[in-house]
Protein chains: 2
Amino acid sequence: MKIGQATIKDIARELNISSSTVSRALKDYPGISDETKRKVKEVAEKLNYRPNAIALSLRKSRSFTIGVIIPEVVHFFFSTVISGIEEVASSRGYNVILSQTNESFAREKSSIDTMLSNQIDGFLVSFSKETTEFDHFSKLLDQSYPIVFFDRVPNIPNAISVMVDDYQGAYKATSHLISQGYTKISHLVGPPTLAISRERERGYRDSLANHGIQIYPELIIECAYGTSDEGFKVTEALLKNGKTFPDAIFANNDMAAVGAMLACRSMGIKVPDDIGIVGFSNWQFCSMIEPSLTSVSQPGFKIGETATQMLLDMIEKKLDPDSITAPIVLETELLVRKSSVK
Amino acid sequence: MKIGQATIKDIARELNISSSTVSRALKDYPGISDETKRKVKEVAEKLNYRPNAIALSLRKSRSFTIGVIIPEVVHFFFSTVISGIEEVASSRGYNVILSQTNESFAREKSSIDTMLSNQIDGFLVSFSKETTEFDHFSKLLDQSYPIVFFDRVPNIPNAISVMVDDYQGAYKATSHLISQGYTKISHLVGPPTLAISRERERGYRDSLANHGIQIYPELIIECAYGTSDEGFKVTEALLKNGKTFPDAIFANNDMAAVGAMLACRSMGIKVPDDIGIVGFSNWQFCSMIEPSLTSVSQPGFKIGETATQMLLDMIEKKLDPDSITAPIVLETELLVRKSSVK
DNA sequence: TTGTAAGCGTTATCAA
DNA sequence: TTGATAACGCTTACAA
């Protein structure tokens with residue numbers, strides 16, 4: 001598009017040689033005289049020549065671009081993952097093309113379509129909350145199109161996944177509350193469509209069971225949007241009208257946890273004395289709020305890095321997808337702060 | 001790359017017609033029989049045909065992709081801008097390719113290079129803190145390559161910029177502190193390379209001056225990284241060893257403001273009673289911390305939207321860059337919370 | 001209404 | 001050591 005964007009042909013014309021020679025000289029192919037190489041590079045420099053990656057893509061049927069499908073960008077965890085993705089991709093010479101679905105299934109599908117049109121070499125996907133049907137991914141996997149799922153991973157054949165140990169994170173969080181003497185522990189559950197929600201709930205339940213603590217079904221409450229507003233509302237309702245009054249809340253995400261904390265404050269309930277609170281994800285604000293919020297930290301950057309390494313290895317055939325039979329599971333860390341320590 | 005990715009030729013072969021006819025049929029060109037159109041579309045469907053955007057780009061010398069150069073992704077303001085960019089770009093049929101510089105000048109230049117190789121149609125740029133020299137942008141502007149700068153904008157000819165009124169935001173913040181009775185107001189200044197830092201400082205100074213409040217140079221402190229750690233350290237130093245003890249702090253960003261707040265707390269100084277604090281950017285945590293943090297909110301999403309609209313309009317020749325002679329300046333809003341109200 | 005052919009910028013193959 | 005040519009997938013004059 002740029003006027004005067006020089007091409008190989010321009011260099012060839014200037015030197016009265018063929019474009020194939022120019023191409024070879026630029027890449028230091030053997031069998032080209034040093035003299036020619038020198039001249040070609042000189043002219044390339046002079047004309048400010050820049051290889052056209054689009055032409056290359058067409059030629060090689062490889063775009064050196066990967067597509068990232070993500071629910072939200074304005075989100076501590078996801079933006080951290082993106083950062084890890086970007087880091088690895090750029091160091092290995094790949095471009096990152098980004099699309100956020102805003103948790104919409106339709107948007108997810110259409111993003112995939114445009115990216116496919118753009119001949120991207122592979123996908124990094126964390127699917128939307130609305131996504132309950134995975135044909136659009138299965139189809140691609142059947143064609144052995146390289147995809148790595150992260151965090152939100154589907155339960156379909158041949159899917160390669162990088163995730164954190166949500167079960168263990170939730171187990172540790174709950175056990176911590178128990179160790180602090182809390183016994184009526186409520187759980188704010190995430191969207192039921194996501195395995196991470198179910199795993200976290202499972203970790204919560206197992207911890208209670210293994211510690212011989214009673215499980216109160218009425219303390220297990222869905223909090224699907226994961227906003228602080230929602231956390232506020234469900235907590236307020238729970239504390240006002242609930243059959244059983246909790247002495248702790250384990251929220252499946254930090255936003256909801258903050259909402260719960262604000263609800264407690266608005267009702268004059270002391271955290272952590274009356275009610276202990278633990279969140280999930282370790283958003284930056286956890287250490288800034290008062291009381292500081294205990295949370296399960298997920299290695300977002302590492303997830304991004306790992307998923308991208310695997311994807312690029314698959315693309316470059318250094319990694320056989322069939323050799324990966326189980327999800328890669330990264331450890332979480334429980335960061336204990338004031339909100340849960342009596 | 002995918003085995004069996006159908007092309008126009010495949011459709012043509014299947015129907016024994018020419019590929020140009022197929023091309024035209026697919027785009028509902030006039031002068032193609034309905035019968036042919038029907039058949040072509042049917043076969044396209046059957047073969048799961050997907051146009052190759054790379055081939056199209058090469059043909060049209062247009063990639064329908066814009067490049068975004070951004071300092072950090074894990075940053076409330078920038079991620080909000082990205083969200084706005086993504087929204088507009090995708091609704092207008094453009095892809096977004098993303099590169100974060102991590103505040104490195106070298107990285108900024110190399111990102112631009114690869115993006116140019118990839119024939120992107122235009123740039124959206126917020127440059128790095130290290131960037132003090134703008135030749136790499138000027139060169140592109142001279143070739144009338146479409147670029148829109150946002151937030152961090154350079155002072156070079158023909159640059160098109162979308163920014164917020166940092167001066168006014170800082171002025172409002174400072175005036176608010178004054179109205180609350182604070183008089184020894186410290187300012188934590190951002191990186192001196194960025195105009196936004198200088199503008200915020202200017203707003204701060206002008207507000208003091210216009211209100212007839214004394215300016216203490218020793219209360220104006222550089223806090224270039226803008227982390228909460230740095231904010232903590234400089235505040236602690238100021239409170240311990242400073243010549244003049246402040247009764248308020250206006251930090252050029254929220255992270256530094258939180259650091260300042262934590263420093264006060266660690267020294268037993270009450271916010272807002274002993275010291276009032278105001279930040280800038282309105283990160284999500286502002287309303288979650290205790291005391292909640294007064295902050296100047298910037299319309300990040302709108303900045304992203306506006307910049308992208310302008311860029312795409314320039315690319316599509318709906319907007320003549322020469323008609324834009326001044327930066328687009330969006331309003332800020334001061335959100336008064338507890339940290340600054342006595 | 002449809003087909004032919006050239007071209008976007010590269011590079012691989014074959015020939016010289 | 002270099003050159004001519006074809007091909008990647010698509011669009012578009014021009015011709016039929």
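All chains are named by letter (A, B, ...) in the order of the sequence lines, taking the proteins before the strands, and each is independently numbered beginning at 1.
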Original post:
In whole angstroms, how far is the C1' atom of D:dC8 from the CG atom of B:Asp10?
Top reply: 13 Å
Subject >> Sidechain N-carboxylate O distance under 4.0 Å for A:Lys109, A:Glu130 >> reply: no
Subject >> D:dG3 base / A:Arg24 side chain donor-acceptor hit below 3.5 Å >> reply: yes
Original post:
Just checking A:Thr7: base, sugar-phosphate only, or nothing, at a heavy-atom cut-off of under 4.0 Å?
Top reply: sugar-phosphate
Original post:
Taking atom P of D:dT12 as reference, at what distance in whole Å does atom CG of B:Leu26 sit?
Top reply: 13 Å
Original post:
Within the structure, does a side-chain N or O atom of A:Ser23 lie under 4.0 Å from either OP1 or OP2 of C:dT11?
Top reply: yes
Original post:
Do the side-chain N or O atoms of A:Ser20 get closer than 4.0 angstrom to the phosphate oxygens (OP1, OP2) of C:dT11?
Top reply: no
Subject >> Length of the line joining A:Arg62:CZ and C:dT10:P, which is rounded to integer Å >> reply: 18 Å
Original post:
Looking only at side-chain N and O atoms, does B:Lys60 come under 4.0 Å of OP1 or OP2 in D:dT11?
Top reply: no
**OP:** Could you tell me the separation between the CZ atom of A:Arg50 and the C1' atom of C:dT10, rounded to a whole number of Å?
**Re:** 17 Å
Original post:
Should the ring pair B:Phe77 and B:His75 be called parallel, tilted or perpendicular, given that the plane angle runs from 0 to 90° and is split at 30 and 60?
Top reply: perpendicular
**OP:** Report yes if a side-chain nitrogen or oxygen of A:Lys9 is closer than 4.0 Å to either non-bridging phosphate oxygen (OP1 or OP2) of C:dC8; otherwise report no.
**Re:** yes
**OP:** Run the numbers on A:Arg38 and A:Glu35 for salt bridge (Lys or Arg N to Asp or Glu O under 4.0 Å), then give the verdict.
**Re:** CA-CA 5 Å; A:Arg38 202 189 44 71; A:Glu35 175 61 6; 3.2 Å; yes
**OP:** May I ask you to say whether B:Glu86 pairs ionically with A:Arg107, meaning some side-chain N is under 4.0 Å from a carboxylate O?
**Re:** yes
Subject >> Pairing of B:Glu72 and B:Arg152 as salt bridge, 4.0 angstrom limit >> reply: no
Subject >> Comparing B:Thr36 and A:Tyr29 on DNA chain C - which has the more 5′ nearest nucleotide >> reply: B:Thr36
Subject >> Comparing A:Leu56 and B:Arg59 on DNA chain C - which has the more 5′ nearest nucleotide >> reply: B:Arg59
**OP:** For A:Arg13 and C:dG9, give me the distance from atom CZ to atom P, rounded to whole Å.
**Re:** 10 Å
Original post:
Between D:dT11 atom C1' and B:Asp28 atom CG, what is the distance in whole Å?
Top reply: 16 Å
Original post:
Hey, does the side chain of A:Ser33 come within less than 4.0 Å of D:dT1's phosphate (OP1/OP2), counting only N and O?
Top reply: no
Subject >> Atom-pair distance (CG on B:Leu58; P on D:dA7), nearest Å >> reply: 17 Å
**OP:** Look at all strands and tell whether B:Ile54 reaches a base, only sugar-phosphate, or nothing, counting heavy atoms closer than 4.0 Å.
**Re:** nothing
Original post:
Counting just side-chain N and O atoms, does A:Ser18 come under 4.0 Å of either OP1 or OP2 of D:dG3?
Top reply: yes
Original post:
Can you check the A:Lys37 NZ to D:dT1 P distance for me, whole Å?
Top reply: 9 Å
